[in-house]
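Here's the structure we're looking at; comments come further down.
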There are 2 protein chains.
Amino acid sequence: MVQQRAVEPDDTPPRARPRLSRPAIAEAALKLIDDGGMPALTMRRLGQALGVEAMSLYEYVANKDEILEDILGSLFNEVELPDQNDRPWEELACELFCAFRCMLLAHPHAVTLVASRAVQPLEALAPIEMSLGIFRRAGFGRQGAVDAHRVLQSFTIGYLLAETSVLNDPTAVPNSWGTAAYALRELPADTLPHLSELAQVAIDRVADEQFPALLMVIISGLRTELRPEPGTASPT
Amino acid sequence: MVQQRAVEPDDTPPRARPRLSRPAIAEAALKLIDDGGMPALTMRRLGQALGVEAMSLYEYVANKDEILEDILGSLFNEVELPDQNDRPWEELACELFCAFRCMLLAHPHAVTLVASRAVQPLEALAPIEMSLGIFRRAGFGRQGAVDAHRVLQSFTIGYLLAETSVLNDPTAVPNSWGTAAYALRELPADTLPHLSELAQVAIDRVADEQFPALLMVIISGLRTELRPEPGTASPT
DNA sequence: ACCTGAACACCGTTCAAGT
DNA sequence: ACCTGAACACCGTTCAAGT
């Protein structure tokens, strides 16, 4: 091999080194979202946060959408995947989706982002892969594993949306749960008897206890409805 | 009672009758969303659709947010509540949330709207009231009923988001399910074995069959985990 | 290769003015 | 009471120009 080093001496013209990078941009963008919600993420403000004119960002990124994709990838990487030391699949599944919720509670304003995006970047698929693996190893069939994952994933996203949507609401009170606002309004007891009766209960329930409890309710259904007889070899 | 009629003769000055109304505005706004997605709903375009300047809308509505609230109310009223002729609660619950999904499938671009809003207007609460009533009559306790409703509601919203989110994706293929795009990409089988194996299964599953099936899985879990012993009087 | 600044086609909303 | 038109403070993105 011909050594091609030192073709350029050390005193090369100070070729412009990038002050930015896609990961740095994504990080700053996520910080903007965390601090001020989705509307705070603006190309102009993002440039400002990075000490650069907004239009310079287009050197690194085709459009705003690509930045959102990068954020998505880094978010899913924050999920702390549980260890797989042959514990029961019920426990593993519960822990995995609790970890997913935990990650999003650290970025509550990004919940709508992960909820509304169809396709995640490749780096974001590790949690999904793990979820499918848990069910396959537990003996679920191909379709059973897909179904099981879909129930828990859909529920988790829906729950997180309800839990955090009060943040996106202009008329929000500094309480968790959107339903809190119901109790503060006059609910007509004649037309909405159950809602009036249960509004307070709905507020009092602490999400950190309710969420894993509800996960286990679903997992119980998965065990009795979707899982083949224990002892049977998993169908392929 | 003194008759106060005919104080004004018929030839009153043609006092400007409103050409618009809040319901008419909400209806036109929903149509814009249905046709072109959430970004298509713009005060200027909405005015144009109603044959009026954008700023005239502010005679009827304080801001764009109020229009979104009105849309929310009319959407929930479209849900066809099932008849309550003493059928098993499992059946009623399944039908109610299927009806909810059915309504939103008629307005797929509005899914993100109902998903991200914390507080619904009063007219929108009938389906929630019915859901709570179903569980209470089935013998669920106060907290059990709230929990049961929350699982099914969260799951339904999360499922609908996944089902329709491909519509909001710029890189979408005209297939249902966001996961479709996974299969069209190269999935590395070494790092994501389960996902590669199951991507096709995930696409083939027809949502209209999968959704009620998954509802019944959850309902099965509700029956075994949340419901008190049958025959017990419902605790208040 | 990297960054800038003016410009374009949009937003939601305010405000003074018309009838 | 209802509607208009100009204006303000924003958007994302393009494009020609600088180094």
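These values consider heavy atoms only, across backbone and side chains, with no hydrogens, waters or symmetry-generated copies. Chain identifiers are assigned alphabetically (A, B, ...) following the order of the sequence lines, protein sequences preceding nucleic acid strands; residue numbering begins at 1 within each chain.
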Taken to the nearest whole Å, CZ/A:Arg22 to P/C:dC2 is 14 Å

Going 5' to 3' through nucleotides 11-19 of chain C, assign each nucleotide B (protein heavy atom under 4.0 Å from a base atom), S (under 4.0 Å only from sugar-phosphate atoms) or - (no protein heavy atom that close). BBBB-----

Show, in sequence, the C-alpha distance, side-chain angles and deciding distance for B:Asp204 and B:Gln200, and conclude whether the side chain to side chain donor-acceptor pair (under 3.5 Å) test is met. CA-CA 6 Å; B:Asp204 292 343; B:Gln200 194 57 47; 3.2 Å; yes

Among D:dT4, D:dC2, C:dC3, which is the nearest nucleotide to the side chain of B:Ser56? D:dT4

Determine whether the aromatic ring centres of residues B:Phe97 and B:Phe211 are separated by less than 6.0 angstrom. no

Can you tell me how far CG of A:Leu113 sits from CE of A:Met38, rounded to the nearest 0.5 angstrom? 5.0 Å

Roughly how many Å is it from CD in A:Gln48 to C1' in C:dT4, rounded to a whole number? 15 Å

For a quick test of reading the model, state the closest non-hydrogen atom pair linking A:Leu50 to A:Ala24 and the distance between them. CD2-O, 4.3 Å

Looking just at side-chain N and O atoms, do A:Gln210 and A:Tyr159 make a donor-acceptor pair shorter than 3.5 Å? yes

Return yes if the base of C:dC2 and the side-chain atoms of A:Glu59 contain a donor-acceptor N/O pair under 3.5 Å, otherwise no. no

Please state how far atom CD in A:Glu53 lies from atom C1' in C:dT4, giving the value in whole angstrom units. 6 Å

So, for B:Ser196 and B:Ala189, which heavy atoms are closest and what is the spacing to 0.1 Å? OG-CA, 3.5 Å

Does C:dT13 have a Watson-Crick or wobble mate here (both distances under 3.5 Å), and if so which one? D:dA7

